[in-house]
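Please read the structure below before turning to the comments.
Values below: every heavy atom of this structure, side chains too, minus hydrogens, waters and symmetry copies.
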Amino acid sequence: MELPQGHSAYVQPPVTAGEFIGKYFAQDSLEFLRWAARYFRDDNVTLCVLLYLMGSQEVGGHVELKQVDIAEALEMDPAQVSRAQTKLKRLGLAYSPKKGSIQLQPAATLRGGLKAVDKPIRGAAKRQVKVHVDQLSLLNELVVDEDVPEEFKKMALPGARLPEPRKTRRRKAPQKQNPEA
């Protein structure tokens with residue numbers, strides 16, 4: 001293959017994930033996973049919804065599920081799922097580009113692989129081609145998209161910080177009563 005002067009190319013095997021359960025792979029920030037375990041330690045509903053969304057995402061981080069479907073799968077009330085998704089959106093970890101669709105924060109968790117996209121072809125309308133989802137390109141697209149909420153954009157920027165978990169009071173062990181008193 002001849003390349004223009006000054007250009008280089010490399011050959012990359014197709015993205016596969018045959019060794020993973022479910023045959024997919026995901027990029028998850030280890031810091032994010034540790035943070036979520038601490039932040040939602042007293043909110044199992046939101047933690048369960050977050051994990052379910054992470055496991056349900058398509059290549060690129062999109063989740064095409066209705067709240068009622070998530071609620072049914074987790075045996076929860078749809079109102080609980082709605083509240084959990086609202087929390088995740090407020091934190092900049094998700095947003096809804098349209099009804100029934102959630103985009104997860106690629107800086108925290110991203111389903112990798114090849115995604116089918118419509119590509120304009122000269123002399124023809126469009127043709128579907130498979131492209132590799134690049135995390136940085138996806139983050140850049142989201143940051144410049146006017147429809148993406150500011151909370152989500154802030155979390156997508158380099159150096160973003162996850163909010164500190166609330167401190168909870170530790171319960172004191174009950175003191176033994178002196179039976180002789």
Side-chain angles (χ1 to χ4, degrees), residues 14-117 130-143 145 147-166 168:
V15 177
T16 62
E19 301 303 316
F20 287 86
I21 296 171
K23 305 293 183 198
Y24 290 105
F25 75 94
Q27 295 172 225
D28 297 312
S29 160
L30 297 179
E31 181 179 349
F32 171 69
L33 292 174
R34 289 188 303 265
W35 170 85
R38 288 189 334 267
Y39 194 87
F40 298 116
R41 70 183 171 275
D42 296 326
D43 185 357
N44 291 335
V45 170
T46 303
L47 184 59
C48 286
V49 170
L50 173 62
L51 292 173
Y52 194 81
L53 290 171
M54 288 171 68
S56 301
Q57 63 183 309
E58 298 171 11
V59 171
H62 284 86
V63 180
E64 299 289 332
L65 285 173
K66 296 178 184 168
Q67 288 177 349
V68 68
D69 297 328
I70 297 168
E72 184 178 306
L74 295 175
E75 299 178 11
M76 293 180 180
D77 187 283
Q80 291 176 294
V81 173
S82 176
R83 283 190 294 274
Q85 287 182 337
T86 298
K87 285 180 188 177
L88 296 172
K89 291 173 190 174
R90 202 172 42 241
L91 291 166
L93 300 175
Y95 90 98
S96 293
K98 62 182 182 180
K99 190 172 181 154
S101 175
I102 294 278
Q103 170 67 52
L104 294 176
Q105 179 56 257
T109 180
L110 177 71
R111 170 71 53 88
L114 299 174
K115 180 178 182 179
V117 296
K130 290 191 176 190
V131 296
H132 182 269
V133 173
D134 175 69
Q135 185 184 32
L136 293 178
S137 297
L138 180 57
L139 286 167
N140 288 334
E141 287 174 29
L142 292 167
V143 168
D145 188 335
D147 297 327
V148 174
E150 285 305 312
E151 298 83 12
F152 194 86
K153 288 181 182 183
K154 286 178 189 173
M155 194 57 67
L157 293 172
R161 307 279 308 157
L162 294 161
E164 285 298 316
R166 294 176 313 212
T168 57

Review point. Side chain to side chain contact (heavy atoms under 4.5 Å, CB included) between Lys66 and Glu72: does it pass, once the steps are laid out?
Key: CA-CA 10 Å; Lys66 296 178 184 168; Glu72 184 178 306; over 6 Å; no
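- The side-chain heavy atoms of Leu88 and Thr46, taken from C-beta on, include a pair separated by under 4.5 Å.
- Here CD of Gln67 is found 7.0 Å from CD1 of Ile102. Values are rounded to the nearest 0.5 Å.
- Across all their heavy atoms, Gln135 and Ala107 have their closest contact at NE2-CA, 4.0 Å.
- Considering every non-hydrogen atom in both Val63 and Ser56, the closest pair reads CG1-CB, 4.1 Å.
- Across Leu138 and Leu110, no two heavy atoms sit closer than the pair CD2-CD1, 3.6 Å.
- In this structure, the side chain of Gln105 engages the main chain of Gly92 through a donor-acceptor pair within 3.5 Å.
- Looking at Tyr52 and Val81, their side chains never come closer than 4.5 Å, going by heavy atoms from C-beta outward.
- Between Gln80 atom CD and Ile70 atom CD1 the span is 12.5 Å, to the nearest 0.5 Å.
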Point to revise | Leu53 vs Gln85, side chain to side chain contact (heavy atoms under 4.5 Å, CB included): CA-CA, chis, key distance, verdict | key: CA-CA 10 Å; Leu53 290 171; Gln85 287 182 337; 4.2 Å; yes
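- Taking both residues in full, the closest heavy atoms of Glu64 and Ser101 are given as OE2-OG, 3.1 Å, listed atom of the first, atom of the second, then distance.
- Proximity of a side-chain donor or acceptor of Thr86 to a complementary backbone N or O of Ser82 within less than 3.5 Å is detected.
- Separating the CD atom in Glu58 from the CD atom in Gln103 is a distance of 10.0 Å, to the nearest 0.5 Å.
- To the nearest 0.5 Å, atoms OH (Tyr95) and CE (Met155) are separated by 15.5 Å.
- Looking at Glu151 and Lys154, no side-chain N of the basic residue comes within less than 4.0 Å of a carboxylate O on the acidic one, giving no salt bridge.
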Practice item. Please report the C-alpha distance between Leu93 and Leu162 in whole Å, then the side-chain angles of each, then the deciding distance to 0.1 Å, and finally whether the side chain to side chain contact (heavy atoms under 4.5 Å, CB included) criterion is met. Key: CA-CA 10 Å; Leu93 300 175; Leu162 294 161; 4.2 Å; yes
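- One finds the CG atom of Asp28 at 9.5 Å from the CZ atom of Arg111 (value rounded to the nearest 0.5 Å).
- Using a 4.5 Å heavy-atom cutoff, the side chains of Met76 and Val49 are in contact.
- The closest side-chain heavy-atom distance from Lys87 to Asp43 is below 4.5 Å.
- The two residues Leu104 and Phe152 make their nearest non-hydrogen contact at O-CZ, 3.7 Å.
- No donor-acceptor pair under 3.5 Å is formed between the side chain of Asp145 and the backbone N or O of Glu141.
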Exercise for review: Could you walk me through whether Arg34 and Glu31 pass the salt bridge (Lys or Arg N to Asp or Glu O under 4.0 Å) test, one step at a time?
Suggested key: CA-CA 5 Å; Arg34 289 188 303 265; Glu31 181 179 349; 5.6 Å; no
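- For the pair Gln57 (side chain) and Met54 (backbone), a donor-acceptor distance under 3.5 Å is present.
- Not counting sequence neighbours, Lys99 has no partner by the side-chain contact (heavy atoms from CB on, under 4.5 Å) test.
- Annotation: side chain of Phe40 is not in contact with side chain of Cys48 (no heavy-atom distance under 4.5 Å).
- With contacts defined as side-chain heavy-atom distances shorter than 4.5 Å, the pair Pro165/Arg41 qualifies.
- To the nearest 0.5 Å, the span separating CG on Asp147 from CG on Leu142 amounts to 11.0 Å.
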